Amino acid sequence: MRAKIIRIGNSRGIRLPKPILEASGITDEADVTVEDGRIVLLRPPKHPREGWAAALEAIGGDEEDWSDWDNTSGEALEEDWTWPEDFKWPDEPIVSTYISPPSTPSEAPKSPKPGRAPSSRQRK
């Protein structure tokens, strides 16, 4: 197909027929690059969550009862919870008793402080 280049303000443009746009999937925007002397129009990448709402709607409604999860206040639920009958408490508390030893100074002898490096500047 041959298309005529037209003036659009200070720029130039080309009109793309609707069937070409529909076949390419390009709607409102396109990524434009030049490769080997060719102008390439590409459909921009989709938004990561594009189509999620339609997919969720297609799955159908949620018949799960989530009323037990409505406690957002952080308070205890009305019914008391009890430990299972076969639960066995540990004989000793589960607490770490390891205490790291205090750090001690190194036993290695201290090296003498290095002297001043001679200056390359001459003193007056």
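Remember, predicted model here, so these are calculated numbers, not experimental data. Keep in mind that the numbers below use all heavy atoms, side chains included, and drop hydrogens, waters and symmetry copies.
Partners of P84 according to the side chain to side chain contact (heavy atoms under 4.5 Å, CB included) rule, which considers only residues two or more places apart in sequence or in another chain, are W81, D86, F87. Residues forming a salt bridge (Lys or Arg N to Asp or Glu O under 4.0 Å) with K88 (at least two apart in sequence, or on another chain): D91. Contacts of R15 classified as side chain to side chain contact (heavy atoms under 4.5 Å, CB included), with partners at least two apart in sequence or in another chain: I6.
Other residues, nucleotides and ligands place no more than 12 heavy atoms under 6.0 Å from the CD atom of E29.
How far CD1 of I8 is from CG of N10: 11.5 Å, rounded to the nearest 0.5 Å.
Here the closest non-hydrogen pair linking I14 and A3 is CD1-CB, 3.2 Å. When every heavy atom of M1 is checked against every heavy atom of I20, the shortest pair comes out as SD-CD1, 3.5 Å.
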Side-chain atoms of residues 38-58: list all donor-acceptor pairs with protein atoms under 3.5 Å, sequence neighbours left out, distances to 0.1 Å.
unit_1, atom_1, unit_2, atom_2, d
R43, NH1, S24, O, 3.0
H47, ND1, R49, N, 3.2
E50, OE1, H47, N, 3.4

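Under a hydrophobic-cluster definition in which Ile, Leu, Val, Met, Phe, Trp and Tyr are linked whenever side-chain heavy atoms come within less than 4.5 Å, directly or via other members, V32 and I5 are assigned to different clusters.
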